[in-house]
There are 2 protein chains.
Amino acid sequence: MAKQNTVFKDAFNRCLTLVAEKGELPSELELGTTLGVSRTTVRAILERLKALEIIAWDKRSKAMLRTPQPDDFFPVEETSSLSDIIERSFMRRILAGGAEPGMQINELELARDIGTGTTSVREFLIRFSRFGLIEKRPNSHWVLKGFTREFALELTEIREMFELRSAAGFAALPEDHPAWRDLDDMDALHRDMLANIDTRYRDFSELDERFHLLVHRSSSNRFIIDFYDIITIVFHYHYQWNKANDRERNARAVEEHLDYIAALKTRDLAKVDRACRRHLRSARETLLQSIQQPEA
Amino acid sequence: MAKQNTVFKDAFNRCLTLVAEKGELPSELELGTTLGVSRTTVRAILERLKALEIIAWDKRSKAMLRTPQPDDFFPVEETSSLSDIIERSFMRRILAGGAEPGMQINELELARDIGTGTTSVREFLIRFSRFGLIEKRPNSHWVLKGFTREFALELTEIREMFELRSAAGFAALPEDHPAWRDLDDMDALHRDMLANIDTRYRDFSELDERFHLLVHRSSSNRFIIDFYDIITIVFHYHYQWNKANDRERNARAVEEHLDYIAALKTRDLAKVDRACRRHLRSARETLLQSIQQPEA
DNA sequence: AAACTGTCTATTGTAGATAAAATAACAACG
DNA sequence: CGTTGTTATTTTATCTACAATAGACAGTTT
């Protein structure tokens, strides 16, 4: 069926909330930039909004006629891109399902399982291979290297090198660098979360990602920033299947972040180094503990 | 035309030299392992050898009938895999041809240019994107980030972190680790090359790669080892288009390697660190000098 | 019975086709 | 002048098809 129109559907849904908020819509061009799609897609969205009698569309005026109803939205399942679907499906298989290291991965079987063509699966695997969890045997299958203790150790080794360097780089940023403002915001967000940790602890994963990314960005090194993708995806999925003690774990991590932020603000390299190491050590512990040991 | 039979052709050529050397061929299975192909391909090769009356093939006996002639070989151009062709072609465009950073990369155009389907080009670009030289705009084109000074600086920054750590790791390997033997071999190869530097300096690039890979392997960290792919490809192509002063440059590098090897053998971390830094510094200089500065 | 071969099946690599989406052009409008 | 209507073209994302290749099993040879 060639391309799915998920871009359209997703943008349409976002446009519905937009129209509900504002009561009208801006120019086609502007709408395109806010939704991140081309004018072609914008016009398709407007057509549909008009057909559903949600807006009166006449040239420049796009006024809301009625408030969008839940029925007007496309179902969420239809809005995620194929690569996202494949990613989720694949990660479930290898992280949640007891996939043994050394297992063969079969493009065709995966594709049939997920219900897509092989091309997309193949492209996903190629993209995914940079995470070091799978490896290709040319002209043959892929091999799952597995989410093992070694993987976690190798991953954290690099993470620690990079983060220590980035943290030091951050502390050396000029006073007027915008990152300092972002750090203040982070500080506030963390305090906020800590104050309501019992209800908010589930949101930590996202905050964690944003905070570390902020630190890494200061390195201005594309390889360091790109590497953080690996950390992100590993932690993201890992948190999902492994929720033992997460309230305490996250509370502790928030506190460590706050120490780390405070240390950055002093711009004292020794302090930064100490706070950063402390946090990284406990992050590593957490990750290692959660990896199921292969029985001896 | 679906798949090209380059695997077959390449293996066939290698088999020709094999049969010329030995006068006969081993079992299908064994031949498969030495050539690195499946039995299916082995049998196809044997069919052809028989058809060309180069061997008499009857079940287990595969004796040579006549010495293979140059004509029997497939032309080399037909033996390289499509991805290699795409890689070379692409690298020529972006490194040799004056490709400006920010330039758009068009899958279709590239495919037409190279004379292949879009699928292969696309997969190449995805694989290549991990080198940080290009970036995808989803649903739209790729953007060439360019082989710029920043790229080189970011690359060498990581390289230096990794290599210093690997070198320290190497020095700490146990006495009986096989890497020490490999290092002795490297030492000999370097001395060899230095003795005949005037005729051999062109082979340095390959030796360089092997030496650094040996060092990096001691880290046993897949991310460090994988990252070295980026270094390899950058230097590989860079050496090709940029041969100014290469004799002196390479001679100097060989000497630095020898110092570095000697330092490793002492297992003295301070010495290793010093020799490693010295070499990395001059490698960085070389790379930076060769990057054409964008005119101000 | 171990090693090998003959035969068959399943999977990968690649091309080609098609719908979705992007991009472009330009006259007409307010 | 920024916007829209219109129309056309190009490119991407994805599917399907098929030859090359890998791999499995059963039968054969030593």
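The chains referred to below are lettered A, B, ... by the order of the sequence lines, with proteins before strands, and numbering in each begins at 1. The analysis underlying the following values was restricted to heavy atoms, covering all of them including side chains, and did not include hydrogens, waters or symmetry mates.
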Practice task
Specify whether B:F90 and B:F128 have parallel, tilted or perpendicular ring planes, treating 30° as the upper limit for parallel and 60° as the lower limit for perpendicular.
Solution key: perpendicular
Practice task
Under 4.0 Å from any atom of DNA chain D, heavy atoms only: list the residues of residues 8-21 of chain B that qualify, in numerical order.
Solution key: B:F8
Handout entry: side-chain hydrogen bond (donor to acceptor under 3.5 Å, both in side chains) pairs, two or more places apart, involving residues 44-71 of chain B
Key = B:R66-B:D72
Please list, one pair per line, the donor and acceptor atoms closer than 3.5 Å that link side chains of residues 35-46 of chain B to other protein atoms, with sequence neighbours excluded.
{"unit_1": "B:S38", "atom_1": "OG", "unit_2": "B:T40", "atom_2": "N", "d": "3.4"}
{"unit_1": "B:R39", "atom_1": "NE", "unit_2": "B:E28", "atom_2": "OE1", "d": "2.9"}
{"unit_1": "B:R39", "atom_1": "NH2", "unit_2": "B:E28", "atom_2": "OE1", "d": "2.9"}
{"unit_1": "B:R43", "atom_1": "NH1", "unit_2": "B:E28", "atom_2": "OE1", "d": "3.4"}
{"unit_1": "B:R43", "atom_1": "NH1", "unit_2": "B:E28", "atom_2": "OE2", "d": "2.8"}

Practice task
Write down the distance between CZ (B:R122) and C1' (D:dC15), rounded to a whole number of angstrom.
Solution key: 13 Å
Practice task
Would you please name every residue forming a side chain to side chain donor-acceptor pair (under 3.5 Å) with B:D203, sequence neighbours left out?
Solution key: none
Completion exercise
Of the candidates C:dT7, D:dT12, C:dA22, the side chain of B:S140 sits closest to C:dA22
Practice task
Calculate the interatomic distance between B:L29 atom CG and C:dT5 atom P; express it in whole Å.
Solution key: 9 Å
Practice task
Ignoring the backbone of B:N139, work out which of D:dT4, D:dA22, D:dA13 is nearest its side chain.
Solution key: D:dA13
Fill in the blank from the handout: Sequence neighbours excluded, the answer for side chain to side chain donor-acceptor pair (under 3.5 Å) partners of A:E30 is none
Problem - Rounded distance (Å) that lies between atom C1' of D:dA24 and atom NE2 of A:H141 - result: 14 Å
Exercise for the section: Determine: side-chain N/O of A:K62 to OP1/OP2 of D:dT3, distance under 4.0 Å, yes or no. Expected result: no
Handout entry: Aromatic plane relationship, A:F162 with B:F162 - under 30° parallel, 30 to 60° tilted, over 60° perpendicular
Key = parallel
Problem - Which residue lies more 5' along DNA chain D, comparing A:E28 with B:A2 via nearest heavy atoms - result: A:E28
Exercise for the section: Look at all strands and tell whether A:T119 reaches a base, only sugar-phosphate, or nothing, counting heavy atoms closer than 4.0 Å. Expected result: base
Problem - B:K136 vs B:V42, nearer the 5' end of DNA chain D by closest nucleotide - result: B:K136
Handout entry: Spacing between B:F124 atom CZ and C:dG13 atom P, to the nearest angstrom
Key = 16 Å
Exercise for the section: Have a look at A:Q4 and say if it touches a base, only the backbone sugar-phosphate, or nothing, with a 4.0 Å heavy-atom cut-off. Expected result: sugar-phosphate
Practice task
Kindly indicate whether the side chain of A:K3 and the base of D:dT12 share any N or O donor-acceptor pair separated by less than 3.5 Å?
Solution key: yes
Exercise for the section: Please identify each residue that fulfils side chain to side chain donor-acceptor pair (under 3.5 Å) with A:R217, with sequence neighbours left out. Expected result: none
Exercise for the section: Name the nucleic acid region contacted by B:W142, choosing base, sugar-phosphate or nothing; use a 4.0 angstrom heavy-atom cut-off, strictly under. Expected result: nothing
Listed pairs under 3.5 Å, donor-acceptor, residues 111-118 of chain B side chains, sequence neighbours left out:
{"unit_1": "B:D113", "atom_1": "OD2", "unit_2": "B:R93", "atom_2": "NH1", "d": "2.7"}

Practice task
For B:S83 and for B:S27, find the nucleotide of DNA chain C with the closest heavy atom, then tell me which residue's nucleotide is more 5'.
Solution key: B:S27
Handout entry: Protein-nucleotide distance (B:Q104, atom CD; D:dT12, atom P), rounded to Å
Key = 9 Å
Practice task
Rounded to the nearest 0.5 Å, what's the gap from CG on B:L25 to CG on B:L49? Could you check?
Solution key: 7.0 Å
Problem - Cation over ring face, B:R159 and B:F235, 6.0 Å, 45° - result: yes
Exercise for the section: Would you mind classifying the nucleic acid contact of B:T116 as base, sugar-phosphate or nothing, using non-hydrogen atoms under 4.0 angstrom? Expected result: sugar-phosphate
Practice task
Could you tell me the separation between the CD1 atom of A:I86 and the P atom of D:dA13, rounded to a whole number of Å?
Solution key: 13 Å
Interface polar pairs with nucleotides 28-30 of chain D, N/O, under 3.5 angstrom:
{"unit_1": "D:dT29", "atom_1": "O2", "unit_2": "B:R60", "atom_2": "NH2", "d": "3.3"}

Practice task
Name the nucleic acid region contacted by B:T6, choosing base, sugar-phosphate or nothing; use a 4.0 angstrom heavy-atom cut-off, strictly under.
Solution key: sugar-phosphate
Completion exercise
By nearest-heavy-atom nucleotide on DNA chain C, the more 5' of B:P138 and A:R137 is A:R137
Exercise for the section: Please state whether the phosphate of C:dA22, meaning OP1 or OP2, lies under 4.0 angstrom from any side-chain nitrogen or oxygen of A:T41. Expected result: yes
Handout entry: side-chain hydrogen bond (donor to acceptor under 3.5 Å, both in side chains): pairs with one or both residues in residues 13-26 of chain B, sequence neighbours excluded
Key = B:D10-B:R14
Exercise for the section: Could you name each residue pair satisfying side-chain hydrogen bond (donor to acceptor under 3.5 Å, both in side chains) that touches residues 119-129 of chain B, not counting sequence neighbours? Expected result: A:R122-B:E123, A:E123-B:R122, B:E107-B:R122
Exercise for the section: Whole angstrom is fine here: how far is it from CZ in B:R127 over to C1' in C:dT14? Expected result: 12 Å
Problem - Atom-pair distance (CG on B:L46; C1' on C:dG6), nearest Å - result: 13 Å
Problem - Pairs where residues 75-90 of chain B contributes a residue and the test salt bridge (Lys or Arg N to Asp or Glu O under 4.0 Å) is met, not counting sequence neighbours - result: B:K9-B:E78
Using atom names, set out every protein N or O paired with an N or O of nucleotides 7-10 of chain D below 3.5 Å, distance rounded to 0.1 Å.
none

Exercise for the section: Can you figure out which of C:dA20, C:dT7, D:dT21 approaches the side chain of B:N5 most closely? Expected result: D:dT21
